[in-house]
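In what follows, a single structure is set out as structure tokens and then discussed.
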Amino acid sequence: MQRGEYNLSYNHENLIVGCGNILYKDDGLGPEVINYMKEHNIEFPGDTHLIDGATSAPHYIFTLPEDKWKNIIIIDIAELQSKPGHIEVLEVDEVKESDRYMDVHGMSVTYPLHDLADNINIKLIVCQPEDVPLEMEMGLSETLENKIPEIVELTKKTLDE
């Protein structure tokens with residue numbers, strides 16, 4: 001599947017969802033990682049589906065759960081109070097209500113995940129951004145661009161666990 005082609009079926013055991021807005025540099029990390037995985041034909045075990053969740057799509061995806069879901073891995077940026085490019089794997093309960101990311105429509109992207117966490121293994125792979133400008137500017141910073149292969153490997157390892 002190429003960029004711009006969409007498979008709207010989310011009835012898979014494993015979902016890997018890249019969240020963010022590609023119009024604001026490092027905020028587009030999640031979708032860029034998904035695009036990298038697709039372009040490089042990265043294979044994952046089992047019934048795994050890659051989703052470019054963009055900005056508000058995750059809210060809608062996660063409010064329409066499928067019985068088949070076992071694992072959800074979300075790739076995004078987060079303010080980790082660390083140096084740009086620092087990566088962490090978080091549990092959903094590590095994202096506090098006050099820290100939840102609000103999308104451009106004012107909806108919490110992580111809120112539906114808390115409802116799903118009792119039945120589905122959910123992990124967030126997050127990276128400290130270097131540059132999220134106030135004005136539109138496409139393209140990741142070199143720091144985050146160079147982190148994509150590491151994020152891919154961490155995603156594979158996280159799914160294997």
Side-chain angles (χ1 to χ4, degrees), residues 1-10 12 14-44 48-64 71-92 94-96 98-114 116 122-159:
M1 185 177 304
Q2 298 297 315
R3 181 175 276 222
E5 293 179 26
Y6 299 97
N7 176 352
L8 296 180
S9 169
Y10 303 123
H12 301 273
N14 308 310
L15 300 180
I16 301 173
V17 184
C19 298
N21 188 337
I22 63 169
L23 298 176
Y24 291 93
K25 289 191 69 87
D26 288 350
D27 190 37
L29 177 68
E32 291 297 343
V33 171
I34 296 298
N35 187 50
Y36 178 95
M37 290 174 179
K38 289 178 179 180
E39 286 181 353
H40 290 86
N41 298 312
I42 306 295
E43 293 190 21
F44 292 92
T48 301
H49 186 61
L50 304 175
I51 301 171
D52 176 346
T55 54
S56 62
H59 175 80
Y60 298 108
I61 293 167
F62 303 141
T63 57
L64 301 169
N71 300 290
I72 297 175
I73 297 175
I74 298 164
I75 302 167
D76 204 351
I77 60 167
E79 184 55 54
L80 301 171
Q81 305 299 322
S82 58
K83 67 178 184 164
H86 176 76
I87 302 166
E88 291 187 23
V89 178
L90 302 176
E91 302 285 339
V92 173
E94 292 180 272
V95 180
K96 299 176 195 150
S98 60
D99 295 337
R100 289 184 180 167
Y101 169 72
M102 300 301 279
D103 75 7
V104 294
H105 304 289
M107 294 181 286
S108 171
V109 172
T110 59
Y111 179 74
L113 296 176
H114 289 262
L116 298 173
I122 301 172
K123 303 278 192 221
L124 294 91
I125 298 177
V126 295
C127 183
Q128 173 70 45
E130 181 172 66
D131 188 7
V132 180
L134 296 176
E135 300 290 325
M136 285 189 225
E137 186 178 346
M138 292 181 73
L140 297 177
S141 65
E142 185 176 341
T143 300
L144 265 60
E145 183 78 35
N146 291 336
K147 289 292 181 172
I148 290 177
E150 183 178 341
I151 293 168
V152 170
E153 289 306 312
L154 186 56
T155 303
K156 291 168 100 174
K157 179 182 174 191
T158 302
L159 187 59

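The figures here come from the full heavy-atom set of this structure, side chains too, leaving out hydrogens, waters and symmetry mates.
For the pair Asn146 (side chain) and Glu142 (backbone), a donor-acceptor distance under 3.5 Å is present. In terms of modelled atom types and a separation under 3.5 Å, the side chain of Glu94 and the main chain of Glu91 share a donor-acceptor contact.
Taking both residues in full, the closest heavy atoms of Gly28 and Leu140 are given as C-CD2, 3.9 Å, listed atom of the first, atom of the second, then distance. Across all non-hydrogen atoms, the minimal contact from Thr143 to Pro84 is CG2-O, 3.6 Å. When all heavy atoms of Gly18 and Ile34 are compared, the pair lying nearest together is N-CG1, 3.5 Å. Cys127 approaches Leu80 most closely through the heavy-atom pair C-CD1, 4.2 Å. In terms of heavy-atom proximity, Leu144 sits nearest to Gln128 at CD1-O, 3.5 Å. Taking every heavy atom of both residues into account, Pro133 and Tyr24 meet most closely at O-CD2, 3.3 Å.
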Legend entry - Verdict with supporting geometry, Ile22 and Asn35, side-chain contact (heavy atoms from CB on, under 4.5 Å): CA-CA 11 Å; Ile22 63 169; Asn35 187 50; over 6 Å; no

Inset, instruction - Please assess Phe44 against Asn14 for the test side-chain contact (heavy atoms from CB on, under 4.5 Å), listing each intermediate value before the final yes or no. - result: CA-CA 9 Å; Phe44 292 92; Asn14 308 310; over 6 Å; no

Inset, instruction - For the pair Leu15 and His49, evaluate side-chain contact (heavy atoms from CB on, under 4.5 Å) and give the outcome as yes or no after the intermediate values. - result: CA-CA 5 Å; Leu15 300 180; His49 186 61; 4.1 Å; yes

Inset, instruction - Check the pair Thr155 / Met37 against side-chain contact (heavy atoms from CB on, under 4.5 Å), numbers first and verdict last. - result: CA-CA 10 Å; Thr155 303; Met37 290 174 179; 3.9 Å; yes

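Atom CD1 of Ile72 is separated from atom CD1 of Ile122 by 4.5 Å, given to the nearest 0.5 angstrom. Rounded to the nearest 0.5 Å, atoms CG (Asn71) and OG1 (Thr48) are 8.0 Å apart. In this structure, CG in Asn21 is found 9.0 Å from CE in Met138, a value given to the nearest 0.5 Å. In this structure, the separation between OG1 on Thr158 and NZ on Lys123 is 7.5 Å, given to the nearest 0.5 Å. Separating the CG atom in Asp26 from the CD atom in Glu145 is a distance of 9.5 Å, to the nearest 0.5 Å. Rounded to the nearest 0.5 Å, atoms CD1 (Ile125) and CG (Asp76) are 11.5 Å apart.
Residue Leu154 is tested with Ile75, Ile87, Ile73 for a side-chain contact (heavy atoms from CB on, under 4.5 Å); the sole match is Ile87.
The closest side-chain heavy-atom distance from Ile42 to Leu50 is not below 4.5 Å. In this structure, the side chains of Glu88 and Val126 come closer than 4.5 Å at one or more pairs of heavy atoms.
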